[in-house]
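Below, read A as the first sequence line, B as the second, and so on, with proteins coming before strands; counting in each chain starts at 1.
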Amino acid sequence: MRAVSGRACPPLLALAALTACGAGIAGDGAASGRAATTRRKADSQAALFAESKSGWKQIDRATRARIDELARDYVTFLGRAKTPRRAVAALVDSFRTAGAVPLGASLAAGQRAFWIAPGGDAALLVVGGRGGAAAGVRAVVAAVDGPRIDLKQVPLYQHDTAAMLETALYGTFALESWLVRPLALYLHLSRGKKDVDLVIGEAPGDPVFVIPDVPIHLARKVQSKEHPVADPERMDAYAGVSAAAVQKALRARGLTDADLVEAEAYLVPAGPAALVGVDRALVAGYAQSRLALAYLATRALAGARADQAALAVVLVSKSQVDRAGATGIGFVGRALSRAMSAQGGGEIDVLTSRRGHARTALLVAAAAKGEPNAGVVLAPEGDDALPGALRRALDRFDRVHVPVQIGDGDGDAAVDLGSLDVDAVALSLPVRGSGAPLELVSALDLHYGLSGLSSWFAP
Amino acid sequence: MRPDRTRRRRLRIGTPWGVNPARAAALLLLAGCVGALGASPAAVPAPSDAEALALQYREFLDRGRTAARAVRHAAEGSPGFRRIDALIDEPRASPGDRLLFVDRGHTAVFVTVGKQKLASHGARLIASHVDTPAPRLDTSHVTRDGQARLTAHRYGGIKLYHWLHRPLAAVGQVVARGGRLVEVDLEDVIFWSDEQTPDGDLAIITSTTPTEDGPAGPAATFVAELHRRYGLTAPDLAAAELYLVPRDKAREVGVDRSLIGAHGQDDRANSFLAWRAALDLAGPPEHTAVVWLLDREEVGSGGPTGASSRFLELVFAWLLRAEGAPASEAALHRALAATVALSADTPACLEANWPEVHEMSAAPRLGHGPALFPFTGHHGKDGGSAARAELVASVMSSFRRAGARFQNGELGAVDAGGGGTIAREFAARGIDVVDIGVCVASLHSPVELTAKSDLWAAYRGFRAWLAE
């Protein structure tokens, strides 16, 4: 805001100001000398505040081209990451491309390694240098499980009007936003030692699934404005017209009723992620509140150089199950131990391990609110992050001029992980429509995230 | 301002100021030659089974994303029909002639002249609407200074939450200053909404970056794009009809591929089937067969392109004169009174997840054929209609003779809500009318559902009824 005068003239009383303050209005004539003084005073105060330098206006053409490339690669990744298993596989794949090997006993400094736990969680590592296990780990913890609609174990039934699939909810979300949109079915099951993966609804020409809604003509008595779908049992999906025809079609794809009972069967939004707007500067896609940071952290780690501490990305597959699951604390603890063991060249004693933990710092992906295009979001309030931990994170971002917003988080993830005796700060990207089947993330925020996380992993 | 030739071509469909008598005569001549040679080479052949019909139907849905586009697609897909400008062309036609009347590019009447005189025996009319509920983009208030979003208001009865968090395309028309008609097709751009405005509209993201030069905000980036593609400026956008539609094409739904899932099936389903039935009539029908594709049903059927429009009377008067009859008011009323009509519209199918809004014995089921519903309305007969038993019986016997399955149904349980159809607009003209149509599940949503087998049955039934 432009200063009006050296004297106190309430700006709202413009008319009064004209008369009472006389020549006090800045800009020209006799007042200009005084205005300059005022400006200097304002400048000296400005030094006390950070200048906000965020947004597309700060981005030059070369950077914009890099941002566009990042967004396109991320869009491709999202298309391959519709289930936790597939997300982990895609991220591990890209980390292998950067030279990673399965985590083994002895690894040299700077070696990239990965470990996929039986539950589908994974840890990606860059082994540290001279520090040994006691140097601890600098890591990002990110979840890979979006909200979704699961099939019940015996899902198929014949209704009067059509064949339907019984569903159950995974995660907490507004049910109505899942109605009347094309959904794809992802099935995963084990036949003996062989895993079977089947997708219906992603390939062009494949049929999709739809959860119907009651027509607006007839909705008055059964839907309220606040909760259009009050009962989760109203979320069954169309499978076809007749159950017999559906079973026949499933058999043609090599699937029996018994398979459905055993399978992990998830309905998620069908179709690839995409860029939104005439300027294609937003990414629309499924589960971005989770997957964006998982992707960016993996990409940052793939480009990281070895430091004294081990560097790690911990990918958690069942973050939405309950509070313990929400933190993924069980797996994060084991992953950190494995990282330190790799760092220490094998079994390490408890004292070394505790020292390593005490020196460990985590950024924990959370769902905090922030303004798009204004930088990454740190959410220390929800879990009362210690100022020292917060400062370490802030400085890492400042170092590469990534703007940071302090936002409100939902988080108890960071505080739960903190009880491992590690520093943990909740981090997120600004997501529009968080929790909806398709969410938006700005390409600029992806760029901020990648720069910031690369700095987090830098020596 | 006088439009140049290319502009004139764009304006041609049904816009009264775009008519060129010389070209109309040439077209007439051409159509006559084509008629003499038999079916036009460009005509898509009649579908041989339900799958072939479903494929043609999906193409109709994908190409006809607005009422005007559906009309244009149907008109272009009917090369055997002679385009008539009822305002100019001299009335003349003989039995078996196929005629097409288009008004303002938003409504079309397909006529196959019958063996019996219209004046004495009336017509067999199927009327169905090609407009559909969707958000309409408001482009009349785009400003330069930092405006981030546009708004979209409702065309027809939509639930706003259906339109959040999904990829949308913008399609429609802008009439620029000076009268240039621009078909806007932004199907390669994704528009998005993630919130409602306090006024109950949708806030629409068109772009998020500022323009490269100057202080302008994201909305200005959108205008810049329209300028780059179409030469449009913000003041041009004040006269626009731009709809936001789901970006997804029509798709098969269900593992058994038995359903079609797409926006706009209320009621491009029955209008497609009626149009296709008219196209595939073999030889001159007994009565003059008329299929009217209508606009503005979802907003009350008013205006020059809706079912209340006297455009139908203009067409009938032209046809009466063409058969040498006087086109007096009395003659017109007699012809209308002798006409029987199907108001082809979509009742809601029984919804498995919401059974209590239906009365189980009367709710139409998917896959049981088109539903014949002789009554509509709520709280008694508010906004409703009631058909004569004689007509109901004759329609049922036509369908039976064609071997086309049908069911008897209603719109929903009595007073669970309800809706109306265009039946009353025909009843008001003294035309005997009954509602019939394939049922649609998740009616008025971005992904409405129909059963392929219902489409097939309705198509054969409509064709048989028109021919008899």
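- Looking only at heavy-atom pairs under 4.5 Å with chain B, the residue among A:Val210, A:Asn373, A:Leu440 that has the most is A:Leu440.
- Heavy-atom distances place no part of A:Gln247 under 4.5 Å from chain B, backbone and side chain included.
- A salt bridge links A:Asp160 with B:Arg365; the closest basic N to acidic carboxylate O contact falls under 4.0 Å.
- Judged by distance alone, the side chains of A:Asp279 and B:Thr209 do bring a donor and an acceptor atom under 3.5 Å apart.
- Interface remark: of the candidates A:Arg253, A:Glu233, A:Met164, A:Lys248, A:Met164 forms the most heavy-atom pairs closer than 4.5 Å to chain B.
- Remark: the backbone N or O of A:Asp236 is paired with a side-chain donor or acceptor of B:Asn353 at under 3.5 angstrom.
- Side-chain N or O atoms of B:Ser207 include none that pairs as donor or acceptor with a backbone N or O of A:Val278 at under 3.5 Å.
- Applying the ring pair (Phe, Tyr, Trp, His ring centres under 6.0 Å) criterion to B:Tyr161, with sequence neighbours excluded, gives no partner residue.
- Within the structure, side-chain hydrogen bond (donor to acceptor under 3.5 Å, both in side chains) pairs that include any residue of residues 268-278 of chain A do not occur (at least two apart or interchain).
- Using a 4.0 Å cut-off between a side-chain N of Lys or Arg and a carboxylate O of Asp or Glu, A:Arg234 and B:Glu356 qualify as a salt bridge.
- Only the side chain of B:His444 comes within contact range of chain A, judged by heavy atoms closer than 4.5 Å.
- Using a distance-only test at 3.5 Å, with no hydrogens or angles considered, a donor-acceptor pair links the side chain of B:Ser258 to the main chain of A:Val241.
- Both the backbone and the side chain of B:Leu350 come within less than 4.5 Å of a heavy atom of chain A.
- Contact of B:Thr208 with chain A is made through backbone and side chain together, with heavy-atom distances under 4.5 Å.
- Looking at B:Arg251, only its side chain comes within 4.5 Å of chain A, counting heavy atoms on both sides.
- Neither the backbone nor the side chain of A:Leu444 comes within less than 4.5 Å of any heavy atom of chain B.
- Note on A:Asp231, A:Val208, A:Ile59: by heavy-atom pairs under 4.5 Å with chain B, the leading option is A:Val208.
- Of the atoms belonging to A:Pro228, heavy atoms from both backbone and side chain fall under 4.5 Å from chain B.
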Let me see the working for B:Lys159 and A:Asp213 under salt bridge (Lys or Arg N to Asp or Glu O under 4.0 Å), right down to the final yes or no.
CA-CA 10 Å; B:Lys159 297 180 185 176; A:Asp213 194 7; 2.9 Å; yes

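- Residue B:Leu186: no heavy atom, backbone or side chain, is found under 4.5 Å from chain A.
- For A:Asp206, the parts sitting under 4.5 Å from any heavy atom of chain B are the backbone and the side chain alike.
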